[in-house]
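Keep in mind it's a predicted model, so treat the numbers as computed, not measured. Quick note on labels: first sequence line is chain A, next is B, and so on, each numbered from 1.
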Number of protein chains: 2
Amino acid sequence: MEILERPTRKQQIEERATMLFKTKGYAASSMRDLAQILGIEAASLYSHIKSKEEILQKICFKMANAFFLAIEQVNETTPEQQLEAAIKVHFKMISENIDASAVFFNEWRHMSEPYLSEFLAMRTRYEQFFMEIIHQGIKQGQFRVIDEKFAMMTILSSINWTHQWYRPTGKMSMDEIGDHLSELLINGLIKTRNK
Amino acid sequence: MEILERPTRKQQIEERATMLFKTKGYAASSMRDLAQILGIEAASLYSHIKSKEEILQKICFKMANAFFLAIEQVNETTPEQQLEAAIKVHFKMISENIDASAVFFNEWRHMSEPYLSEFLAMRTRYEQFFMEIIHQGIKQGQFRVIDEKFAMMTILSSINWTHQWYRPTGKMSMDEIGDHLSELLINGLIKTRNK
DNA sequence: CCTACCGATCGGTAGG
DNA sequence: CCTACCGATCGGTAGG
């Protein structure tokens, strides 16, 4: 039924806030800016939300959960295949949520405690997932010996930065970028290519 | 003479502002925050600077110039050697200016026109430098055929993100990270490795 | 969802 | 470099 698919006012607020925070940054975005976009008064926002920061928390944690849900479905067997799948699925989440990703990567530090600590703990756990794959790959001799945290950071930052330049209308499709990302990054890690 | 080496008040303001902007973000940093760090009143800042944004402009353009100066000294002959040198020198500039780099990468959008456009034009020119190396590498058959802008973005974002986690006190030295960065990124690009 | 409004804080100036 | 202060804007509340 159509009425079920129409976004609630709260969802609209969150959606527009995501775009606003991405464009101007959280601190420089005012509740009056947001209200104007929605065509209502600033005071009216507070019938639907508790505070400005609450919106930021929703955006950041929703995105964090989406990343976890996506990566938990990686079920390949070898580290190389796992890393390839993880890279692709991580990029897929970003490309399907470009605005929320930008807020997730750039505005999280404006959260107050205890949300900030919880957020950082989740991020660390997520990074551990990638590090474990790299660790196994090195242990099994598929990847060259390299500092695991360093390799993880280098790979993740390449993917994460795509939110800055990826456009659905660009000449490369989402799948192509995912393929090229994993190829470029993994083949720089594989020890025995062309052997 | 000692008096020549002592930073001017203006330099002190810029230095402390760089750290403040990095930590809190430009928009969330107030002139009263900055004044307090320096132990003076907010109004007193304006004897040395024209505006809050002027400080941001100084930081961003100084860093942009530093990047250009560094990369112009790359004088290797083959694309592979050029790319390796460019990666190392780019990372070197970041690691030697971690605070300013963070502001450069995260706060530039808070500049107003015409500074914003000029800044973005400089960034594009800088990116062209990397793209040209990649272009030559593909043309000469050293690099695999790949979208040049995509490869440039992937490489630069890996290096640029180092400002988020690189610590001079970490277990990897600056030179080691530079070496590993270029190795990880380039060997993912080279077509005929181990041939 | 609105009007009316709050106290706090903002970047910046005047004048010394 | 300070005191004193400006108009503007901030996130948010009361009451309907």
### Query
Given the rule in the ring-ring contact (aromatic ring centres under 6.0 Å, His included) test, do B:Tyr126 and B:His90 qualify, once you have shown the distances and angles that lead to the verdict?
CA-CA 11 Å; B:Tyr126 189 78; B:His90 181 79; 5.4 Å; yes
### Query
With nearest nucleotides of DNA chain D determined for A:Ser30 and A:Lys50 from heavy-atom distances, which residue corresponds to the more 5′ nucleotide?
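The residue closer to the strand's 5' end, by nearest nucleotide, is A:Ser30.
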Test item: side-chain donor near acceptor, [X] and [Y], under 3.5 Å:
X	Y	result
A:Gln128	A:Glu132	no
B:Gln11	B:Glu15	no
A:Asn97	A:His163	no
B:Ser158	A:Ser158	yes

### Message
As a check on the pairing definition, encode DNA chain C in dot-bracket form, counting Watson-Crick and G-U wobble pairs whose two distances are under 3.5 Å, and using | for partners outside this strand.
### Response
||||||||||||||||
### Task
Side-chain contact test, heavy atoms from C-beta onward, threshold under 4.5 Å: evaluate it for B:Arg144 versus A:Glu183 and give yes or no.
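The answer is yes; the side chains approach within 4.5 Å.
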### A:Arg32 or A:His48, whichever maps to the more 5' nucleotide of DNA chain C
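Checking each residue's closest nucleotide, the 5'-ward one belongs to A:His48.
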### Task
Report the residue (A:Ala43 or B:Ala43) whose heavy-atom-nearest nucleotide on DNA chain C is the more 5′ of the two.
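Closest to the 5' end, via its nearest nucleotide, is A:Ala43.
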### Query
Is the cationic atom of A:Arg125 (NZ for Lys, CZ for Arg) positioned less than 6.0 Å from the six-membered ring centroid of A:Phe68 and within 45 degrees of its normal?
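Ring-cation test returns yes.
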### Query
From the 5' end of DNA chain D to its 3' end, which nucleotides mark the outer limits of contact with chain A, defined by a 4.0 Å heavy-atom distance cut-off (strictly under)?
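Here the contact window of chain A covers D:dC10 to D:dT13.
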### Query
So, do A:Phe67 and A:Phe104 have ring centers that fall under 6.0 Å from each other?
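Between A:Phe67 and A:Phe104, the centre distance is under 6.0 Å.
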